[in-house]
There are 2 protein chains.
Amino acid sequence: MTPQPTRRNEQSRRAILAAALELLAETGYPALTVEAIAARAGVGKQTIYRWWRGKGAVILDALADDVPEVVALPDTGDLRADLRQVLRATVAEFADPRLSATTRAITIETLADEELGAQARDRLLRPQLNAVRVRLEAAREAGQVRPDAALDQVVELLFGPLYHRWLLRNGPLTDDYADGIVDLVVAAVTPSTSIRG
Amino acid sequence: MTPQPTRRNEQSRRAILAAALELLAETGYPALTVEAIAARAGVGKQTIYRWWRGKGAVILDALADDVPEVVALPDTGDLRADLRQVLRATVAEFADPRLSATTRAITIETLADEELGAQARDRLLRPQLNAVRVRLEAAREAGQVRPDAALDQVVELLFGPLYHRWLLRNGPLTDDYADGIVDLVVAAVTPSTSIRG
DNA sequence: ACAGCGAGACGAGACGTATCGTCTTGACGG
DNA sequence: CCGTCAAGACGATACGTCTCGTCTCGCTGT
């Protein structure tokens with residue numbers, strides 16, 4: 001029933017992932033077809049369906065393969081500056097129309113398919129968010145963040161608005177916007193200023 | 001070329017919207033078909049395609065018709081309490097599996113189709129967000145919010161994380177979570193506490 | 001008479017399955 | 001060792017199904 005990964009043809013696997021990325025770049029996600037991927041890769045359709053659930057799973061796999069497993073944030077000691085850099089980088093990615101369109105398409109796919117969403121979350125999203133969390137932990141130990149702050153929530157406080165605005169097209173995504181979010185979040189987590197006044 | 005709205009059959013229009021909502025409740029969004037809507041409404045497919053771009057537009061129209069145009073938030077004078085109530089209500093909506101599934105499907109449709117997204121934004125999302133903004137303006141005048149806070153950003157700071165967690169299934173959506181977001185945001189916008197200590 | 005209407009046929013395109021013969025792999029016996 | 005063999009993945013492709021969106025009918029109401 002279930003195919004044995006041992007006997008899997010690595011060459012075909014690579015050809016499929018490569019073909020998928022090529023076609024994605026050429027035609028865009030919506031026009032992407034399992035049949036086209038198979039044809040480009042010189043592979044039977046069944047070979048794709050044997051190992052993946054559909055084109056979404058293939059693309060996700062291809063993207064996740066390209067992503068480094070561990071990401072680390074810069075730590076200059078200045079939390080605000082470091083966060084600004086991260087959020088500005090995210091804004092820049094969303095500003096590139098081609099990259100943005102692709103990311104949007106994949107994201108949509110993961111929203112519709114729960115299993116795909118779990119994969120995307122674990123392999124693409126979580127590493128990013130976790131890197132920010134690590135940076136926040138360092139800031140907390142440095143006394144720049146309230147000890148009682150729920151850092152997972154803080155991370156979402158940073159990225160949630162960005163994704164919200166990007167996905168729902170709810171306004172322009174600019175560096176100023178990113179900076180504003182960072183300022184608000186920093187204000188939210190900064191320890192009581194009663195002493196520093 | 002373009003149909004004349006004057007000659008439009010109001011009865012058919014209502015039947016289509018009603019049938020769409022019925023079928024949505026019965027079969028769920030993915031299984032929803034233009035053909036099925038037409039059949040249920042006792043209407044030709046062309047009549048649907050003449051006035052709408054597809055099933056997404058029909059459903060969006062049906063939903064927007066049901067939504068009150070203006071929403072108002074409670075104003076008890078206690079900003080934190082009022083915001084908690086709103087976010088908890090949102091969490092409750094997302095917690096209902098049936099409603100959540102429908103909302104998710106519609107949302108996905110609006111993410112993929114720019115024009116549909118614009119309509120959803122203006123007719124469904126914006127009124128909600130704006131109601132919160134109005135409440136924040138009142139709070140600002142009451143001196144509970146820093147005068148320089150960008151209120152649009154604050155609103156997104158409230159809902160962004162919620163949508164983020166819901167759409168991407170990035171963790172459980174509980175009242176505690178909503179309360180935590182509110183606390184963080186209130187902390188972010190509260191005027192300098194140097195006096196209050 | 002004209003434009004929207006209900007009804008439904010239609011072509012296009014993508015999906016996912018099934019089947020064919022071929023090729024690779026690993027186990028077993030002489 | 002090495003030939004044989006079964007299992008199973010492979011490329012290729014036909015197939016039925018589904019949904020879409022268009023097109024073509026008369027019919028109806030104004």
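Within every chain, numbering begins at 1; the chains are lettered A, B, ... in the order of the sequence lines, protein sequences first and strands thereafter. Any value given below was found using the heavy atoms of this structure, including those in side chains, with hydrogens, waters and symmetry copies removed.
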Inset, instruction - Would you kindly give the CZ-to-P distance between A/R7 and D/dC10, to the nearest whole Å? - result: 9 Å
Legend entry - Heavy-atom donor-acceptor pair, A/Q46 side-chain to D/dC10 base, under 3.5 Å: no
Legend entry - Atom-pair distance (CZ on B/R40; P on C/dG8), nearest Å: 17 Å
Inset, instruction - Indicate yes or no: does B/E10 engage B/R13 in a salt bridge with an N to O separation below 4.0 Å. - result: yes
Inset, instruction - Take the protein atom NZ of B/K45 and the nucleotide atom C1' of D/dC23, then report the distance between them rounded to whole Å. - result: 11 Å
Inset, instruction - Tell me, with the steps shown, if A/E156 and B/Y163 meet side chain to side chain donor-acceptor pair (under 3.5 Å). - result: CA-CA 10 Å; A/E156 288 178 291; B/Y163 274 79; over 6 Å; no
Legend entry - Rounded distance (Å) that lies between atom C1' of C/dG4 and atom CD of B/Q11: 14 Å
Inset, instruction - Check every atom of D/dA9, C/dC5, C/dC15 against the side chain of A/R50 and return the nucleotide holding the closest atom. - result: D/dA9
Inset, instruction - Using a heavy-atom cut-off of under 4.0 Å over every strand shown, decide if B/W52 touches base, sugar-phosphate, or nothing. - result: nothing
Legend entry - Under-4.0 Å side-chain N/O to phosphate OP1/OP2 contact, A/T47 with D/dA9: no
Inset, instruction - Would you indicate which nucleotide in C/dG4, C/dG6, C/dC15 comes nearest to any side-chain atom of B/P3? - result: C/dG4
Legend entry - B/L124 vs B/L60 side-chain heavy atoms within contact, under 4.5 Å: yes
Legend entry - Gap between atoms CZ and P, on A/R13 and D/dC10 respectively (whole Å): 12 Å
Inset, instruction - Determine the contact category for A/T6: base if any of its heavy atoms lies under 4.0 Å from a base atom, sugar-phosphate if only primed atoms, P, OP1 or OP2 are that close, otherwise nothing. - result: nothing
Legend entry - Contact nearer the 5' end of DNA chain C, comparing B/A38 with B/P5: B/P5
Inset, instruction - Considering just the side-chain nitrogens and oxygens of A/W51, establish if one lies under 4.0 Å of OP1 or OP2 belonging to D/dC10. - result: yes
Inset, instruction - Would you mind telling me which of D/dG8, C/dG4, C/dC15 lies closest to the side-chain atoms of A/Q4? - result: D/dG8
Inset, instruction - Assign A/G54 to base, sugar-phosphate, or nothing according to its heavy-atom contacts below 4.0 angstrom with the strands shown. - result: nothing
Inset, instruction - Send over the distance from A/E35 CD to C/dA12 P, rounded to a whole Å. - result: 16 Å
Legend entry - Upstream residue (5' side of DNA chain D) when B/T33 and A/N9 are each assigned their closest nucleotide: A/N9
Legend entry - B/W52 six-ring face occupied by B/R8 cation (under 6.0 Å, within 45°): yes
Legend entry - Nearest-Å distance for atom pair CG/P, residues A/L23 and C/dA14: 12 Å
Legend entry - Gap between atom CG of B/L184 and atom CG of B/D179 - 0.5 Å precision: 11.0 Å
Inset, instruction - Measure the distance from CD on B/E10 to P on C/dC5 and round it to the nearest whole Å. - result: 11 Å
